[in-house]
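Just the heavy atoms: all of them, side chains too, but no hydrogens, waters or symmetry mates, feed the values below. Letters A, B, ... are given to chains in the order of the sequence lines, protein chains preceding strands, and every chain is numbered from 1.
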2 protein chains.
Amino acid sequence: MSGEPDIAVPARALGDPARGRIVTALLGGRSIPAGDLARAAGVSASTASEHLRVLLAAGLVAVDHRGRHRFFRLASSEVAGAIEALQEIAPRTEIRSLRQHHVSEELRSARTCYDHLAGDLGLRMADLLVSSGVVSELKIGESSSAPEPFPAGQLVHALRIRPTQGRRPWARGCLDWTGRRAHVAGQVGAQIFSAMDAQGWVARRADSRAVRLTGRGAALLSELEQVTNELV
Amino acid sequence: MSGEPDIAVPARALGDPARGRIVTALLGGRSIPAGDLARAAGVSASTASEHLRVLLAAGLVAVDHRGRHRFFRLASSEVAGAIEALQEIAPRTEIRSLRQHHVSEELRSARTCYDHLAGDLGLRMADLLVSSGVVSELKIGESSSAPEPFPAGQLVHALRIRPTQGRRPWARGCLDWTGRRAHVAGQVGAQIFSAMDAQGWVARRADSRAVRLTGRGAALLSELEQVTNELV
DNA sequence: GAATAGCTTCGTCTCTCGCCGAAATGTGAC
DNA sequence: GTCACATTTCGGCGAGAGACGAAGCTATTC
């Protein structure tokens, strides 16, 4: 027998600046070893270890042991969702240095958002998905099922997009702090990002959520945009 | 120029048990005076005052002065969204007393969830909305736009449901801790609850999020269910 | 089998948070 | 004007959180 959820438990775990930086780093979607997270959070290894213990106890992160490293990742997409929801109501950090400004610019142009693309590149992919009929126009927070019949086309073929079963929405409009328009999260978002990553369209920065469009990726993307727009 | 959002600020504000109980009470959607919130949170008036100061400073609640009372409410639907997202990943509070058990049962049967209905009654309304074609079947977290053409019918007429413009999704599947199915949030959810409240189908408890179906409401609802199912 | 690297545990310090009761403030009622 | 009530401010207490460095554990490396 259980009553209402006690939001203070996850909120307290997220409510420390260093832990906030840790989970924000993990929002990039990949597994990160403890030492890197310590550096990202700007605290000593022992302090980070304590923070990670807290996050584990609250069930917000999971850990994989690989050799002498411990790789941490967000425990679920629900956790990522809660962090995104908090970002919507959180104040922005102030930019103090040129270095910070540079990082911010990189993130603005393209970055990962848990398991999909965000930033300008995310918006560009969203346009492409809409004009090729893979997803319908989405407002922020709205989501939709896969269209039937499912459209075939160069985009669908190149990135091997396919409708799937499961709890997770097919497409979801996800706003984050970069812009006022929605980029595409949900199953499609995850599928296109993982395909673009696997096929070398994009390269991920080792130490941040930033993503760079490769020369090959830029060329293929432009071609795709041209083909799709000619059809319309 | 600003960088990434600092989630530690809202998370810290929500990360205290007493403040968690306060915002959960406010998730009921109505404005509540400081003294009542102190009672709901189980702390003294002076302690509650301090907590409310923190929540105000973090921008999570807003306040209206009415005479010698100060009525608090959640600052926005984004705040409500963040609280719901945290509820999804939060552990359940344990039930210790018979009194708590009773309250829990009441909430389970029908309650408000910010500005719409949840609990068993919420699920019942969700079924009705789906079978009358006002919203499509929704998974949790999914949302949809108003159907076109917009269906007419006894339900639509009785509760004066109408499609509207605006950022907010028309319908959104909202899971909370009661069940595994989704109830209907979004504009439709808000519209049907406010109509049912205004027309006396439901009565709201003064001191909690619980809602009671009135005799009149029960009768009209049964009739509506019968009519809708005959059509199908 | 040392030596090294990654991480955690331990000991300790400091500082802030959350709590209350008492007093102060402000508003409405008579 | 005075009384009653709602709320905030103040003072003080106790507990716990977060920080670090040093030491310990374990797995890879040579």
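Salt-bridge check for B:D64 with B:R73: passed, with a basic side-chain N closer than 4.0 Å to an acidic carboxylate O. Classification of A:E50 and A:R19 as a salt-bridged pair fails, no side-chain N sitting under 4.0 Å from a carboxylate O. Under 4.0 Å is where a charged nitrogen must lie from a carboxylate oxygen, and between B:R212 and B:E106 no such pair does.
With A:R21 contributing its side chain and A:A41 its backbone, the two residues share a donor-acceptor pair below 3.5 Å.
In this structure, B:W201 has no ring pair (Phe, Tyr, Trp, His ring centres under 6.0 Å) partners at least two apart in sequence or on a different chain.
For B:S46, the listed nucleotide lying nearest its side chain is C:dA22; candidates were C:dG28, C:dA22, C:dC7.
Two residues, B:R53 and A:R12, neighbour DNA chain D, and the one matched to the more 5' nucleotide by heavy-atom proximity is B:R53. Mapping A:R66 and A:D16 onto DNA chain D by nearest heavy atom places A:D16 closer to the 5' end of the strand.
No donor-acceptor contact under 3.5 angstrom links the side chains of B:S46 and B:S49, judged on distance only.
Interface limits on DNA chain D: the 5'-most and 3'-most nucleotides within less than 4.0 Å of chain B heavy atoms are D:dA4 to D:dT9.
For A:S49, a side-chain nitrogen or oxygen approaches OP1 or OP2 of C:dT8 to under 4.0 Å.
As a whole-Å value, the separation of A:D36 CG from C:dG6 C1' is 11 Å. Residue A:H69 contributes atom NE2, which lies 8 Å from atom C1' of C:dA5 at whole-angstrom precision.
Residue B:A45 is in base contact, counting any heavy-atom pair closer than 4.0 Å across all strands shown.
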